[in-house]
There are 2 protein chains.
Amino acid sequence: MSSVDRRIEIVQAALRVISEVGVQGATTRAIVSEAGMSLASFHYAFASRDEMMEELIAWVVENQTVAAFSTIRYGSDIRTTVRDGLQAFFETIVADAAHEQVLLELMLFSLRTPALQKLPHAQWANYTLGVTELLNAAAVNAGIEWVRPIDEVAQFLLTVTDGLTLAWLANRDRAAAATVMDIAADSLAALAVPIITRTKDRSA
Amino acid sequence: MSSVDRRIEIVQAALRVISEVGVQGATTRAIVSEAGMSLASFHYAFASRDEMMEELIAWVVENQTVAAFSTIRYGSDIRTTVRDGLQAFFETIVADAAHEQVLLELMLFSLRTPALQKLPHAQWANYTLGVTELLNAAAVNAGIEWVRPIDEVAQFLLTVTDGLTLAWLANRDRAAAATVMDIAADSLAALAVPIITRTKDRSA
DNA sequence: GTCTATAAGGAGATAGAC
DNA sequence: GTCTATCTCCTTATAGAC
């Protein structure tokens with residue numbers, strides 16, 4: 001097996017181990033056991049566990065997108081679109097809460113590791129960009145425009161989704177989440193105004 | 001030294017160590033070094049490190065309050081009161097980001113420890129109660145009432161503050177935080193309506 | 001109660017055969 | 001390239017002197 005393939009295999013096995021037992025439990029032995037290889041193979045592919053963790057987190061930052069939102073169905077008013085989008089996001093959290101816990105653990109781990117401290121910022125910027133695009137698409141589709149700069153709206157939406165994620169991990173309360181999403185949808189809809197389309201120039 | 005005093009001393013030392021090097025780095029040796037005692041003294045007070053971690057997290061859940069909000073100054077309209085409260089909360093985050101990281105690490109640690117899994121829920125409930133009281137006080141002082149059940153308003157506010165915390169840890173962006181707080185204050189103000197006080201009964 | 005010394009095991013990493 | 005066996009260090013926990 002080529003070294004690059006082995007590295008990928010190890011990183012994916014490590015992610016599965018982390019999902020099960022956390023970053024703390026992801027020892028080199030646990031990882032190679034999950035991957036079905038020997039301990040020496042790990043160190044043939046990576047010089048150290050630290051090096052593997054760096055590659056793992058870099059991979060997550062690159063590949064982790066806001067896929068949850070991409071299931072949005074348009075065709076309604078902006079309030080409904082936002083509310084449906086939040087619900088779709090929430091269902092992905094419910095379906096795989098362990099994955100959200102992993103992302104949080106990796107973020108906190110990165111913040112404690114000097115070589116990785118900038119990655120959470122990069123990931124946050126990635127998310128903001130993704131959410132900005134979605135808000136743009138939603139605005140065009142609903143025939144509205146945002147009364148604030150779109151990146152500010154995106155930052156607010158991202159704050160809400162992060163808060164929803166933390167709350168779900170702590171309390172697993174669907175009703176509370178629904179309430180928060182209702183209020184958030186109202187809040188975002190209040191930041192939208194209809195675009196006045198002049199079919200004919202009635203001035204003159 | 002009495003056993004109970006020693007336990008408190010150890011827990012406080014452990015919290016300082018966790019703040020510096022994380023939950024992963026809070027070994028018994030690091031903790032007793034911080035506390036200036038021998039390793040045996042640790043095990044005289046606690047049967048195991050796990051037992052100490054349980055007491056530590058229970059202590060945090062009991063003693064961690066939303067003190068940040070208690071610096072609110074009333075006397076303005078509800079939008080200003082909320083915005084000022086958010087700012088006060090945010091300043092405590094900025095002043096001690098490491099503390100927020102510790103709280104998050106302990107939450108994730110608890111979720112991975114069967115004996116501690118219910119504590120994050122309890123802490124979340126505590127926060128909700130505290131925020132509810134503050135929203136009540138703010139409403140009375142500003143002469144408004146909330147158009148939704150107050151615990152729902154509290155859940156939304158808590159979601160925003162959690163999201164603000166995560167964002168600050170990731171990006172350290174004051175401007176972004178200010179924007180989110182502006183929008184959040186608008187959103188909450190939209191959930192308030194003035195109380196109609198009838199000084200005299202003008203019907204009849 | 002508090003200490004030093006030590007046990008017993010797990011961690012990352014490497015040597016060297018194949 | 002991949003393995004088994006091993007090195008070295010660090011961890012939690014305990015034994016036993018004082």
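Quick note: numbers below take in every heavy atom, side chains included, and nothing from hydrogens, waters or symmetry partners. Computed from a prediction, not measured in an experiment: that's the story for all the values here. Letters A, B, ... are given to chains in the order of the sequence lines, protein chains preceding strands, and every chain is numbered from 1.
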Closest to the B:Met1 side chain: C:dG12, C:dT2, D:dA13?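 Nearest to the side chain of B:Met1 among the choices is C:dT2.
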Could you state the [atom1]-[atom2] distance from [X] to [N], rounded to the nearest angstrom?
X       : N      : atom1 : atom2 : value
A:Phe42 : C:dA11 : CZ    : P     : 13 Å
A:Leu39 : C:dG12 : CG    : P     : 8 Å
B:His43 : D:dT14 : NE2   : C1'   : 8 Å

Proximity to DNA chain C (any heavy atom under 4.0 Å), residues of residues 47-54 of chain A only
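Nucleic-acid contacts, sorted: A:Ser48, A:Arg49.
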Sorted by number, residues from residues 5-37 of chain A placing a heavy atom under 4.0 Å from DNA chain C are A:Thr27, A:Thr28, A:Arg29
For residues 94-102 of chain A, tabulate all N or O donor-acceptor pairs below 3.5 Å that involve a side-chain atom, not counting sequence neighbours.
from     : atom 1 : to       : atom 2 : distance (Å)
A:Asp96  : OD1    : A:His99  : N      : 3.2
A:Gln101 : NE2    : A:Glu105 : OE2    : 2.9
A:Gln101 : NE2    : B:Leu108 : O      : 3.0

Sorted by first residue and then second, give each salt bridge (charged side-chain N to carboxylate O under 4.0 Å, His left out) pair with at least one member in [range]; sequence neighbours left out.
range                       : answer
residues 36-47 of chain A   : none
residues 154-171 of chain A : none
residues 121-130 of chain A : none

Restricting to nitrogen or oxygen on both sides, can you table the protein-nucleotides 16-18 of chain C pairs closer than 3.5 Å?
none

| said: Applying a 4.0 Å non-hydrogen cut-off, can you work out what B:Ser38 is touching in the nucleic acid: base, sugar-phosphate, or nothing? | reply: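 The answer is base, as B:Ser38 lies within the cut-off (heavy atoms under 4.0 Å) of a base atom.
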message = When you measure from the side chain of B:Thr113 to the backbone of B:Phe109, do you find a donor-acceptor pair of N or O atoms at a distance under 3.5 Å?
response =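 Indeed, once roles are kept as given, a pair shorter than 3.5 Å links the two residues.
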message = Counting only side-chain nitrogens and oxygens, does B:Ser41 get under 4.0 Å of the OP1 or OP2 atom of C:dC3?
response =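 It does, given that an N or O in the side chain of B:Ser41 lies less than 4.0 Å from OP1 or OP2 of C:dC3.
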Please list every donor-acceptor pair under 3.5 Å in which a side-chain atom of residues 121-134 of chain B meets a protein atom from a residue at least two apart or in another chain.
from     : atom 1 : to       : atom 2 : distance (Å)
B:Asn126 : ND2    : B:Val61  : O      : 3.4
B:Thr128 : OG1    : B:Trp124 : O      : 2.9
B:Thr132 : OG1    : B:Thr128 : O      : 2.6

With a 3.5 Å cut-off and sequence neighbours excluded, list the donor-acceptor pairs that the side chains of residues 14-21 of chain B form with protein atoms.
from    : atom 1 : to      : atom 2 : distance (Å)
B:Arg16 : NE     : B:Glu34 : OE2    : 2.5
B:Arg16 : NH2    : B:Glu34 : OE2    : 3.3

Does the pair A:Leu157 and A:Leu86 meet the rule for a side chain to side chain contact (heavy atoms under 4.5 Å, CB included), with working shown? CA-CA 9 Å; A:Leu157 177 52; A:Leu86 282 169; 3.8 Å; yes
Output a table of donor-acceptor pairs, distance under 3.5 Å, between side-chain atoms of residues 2-11 of chain A and any protein atom two or more places apart or on a different chain; print 'none' if there are none.
from   : atom 1 : to      : atom 2 : distance (Å)
A:Ser2 : OG     : A:Asp5  : N      : 3.2
A:Ser2 : OG     : A:Asp5  : OD2    : 3.4
A:Arg6 : NH1    : A:Ser41 : OG     : 3.4
A:Arg7 : NE     : A:Glu55 : OE1    : 3.3
A:Arg7 : NE     : A:Glu55 : OE2    : 3.3
A:Arg7 : NH1    : A:Ala45 : O      : 2.9
A:Arg7 : NH1    : A:Glu51 : OE2    : 3.3
A:Arg7 : NH2    : A:Glu51 : OE2    : 3.4
A:Arg7 : NH2    : A:Glu55 : OE1    : 2.6

Pairs of donor and acceptor atoms involving the side chains of residues 170-196 of chain A, under 3.5 Å and at least two apart or interchain, shall be tabulated with distances.
from     : atom 1 : to       : atom 2 : distance (Å)
A:Asn171 : OD1    : A:Asp173 : N      : 2.9
A:Asn171 : ND2    : A:Ala167 : O      : 3.4
A:Arg172 : NE     : A:Trp168 : O      : 3.3
A:Asp173 : OD1    : A:Ala175 : N      : 3.0
A:Asp173 : OD1    : A:Ala176 : N      : 2.9
A:Arg174 : NH1    : A:Glu91  : OE2    : 3.2
A:Arg174 : NH2    : A:Glu91  : OE1    : 3.2
A:Thr179 : OG1    : A:Ala175 : O      : 3.2
A:Asp182 : OD1    : A:Arg83  : NE     : 2.6
A:Asp182 : OD1    : A:Arg83  : NH2    : 3.4
A:Asp186 : OD1    : A:Arg79  : NE     : 2.8
A:Asp186 : OD1    : A:Arg79  : NH2    : 3.0
A:Ser187 : OG     : A:Ile183 : O      : 2.9
A:Ser187 : OG     : B:Ser187 : OG     : 3.0

Distance-only donor-acceptor hits, side chain of residues 143-151 of chain B, under 3.5 Å, sequence neighbours excluded:
from     : atom 1 : to       : atom 2 : distance (Å)
B:Trp146 : NE1    : B:Leu135 : O      : 3.2
B:Arg148 : NH1    : B:Glu152 : OE1    : 3.3

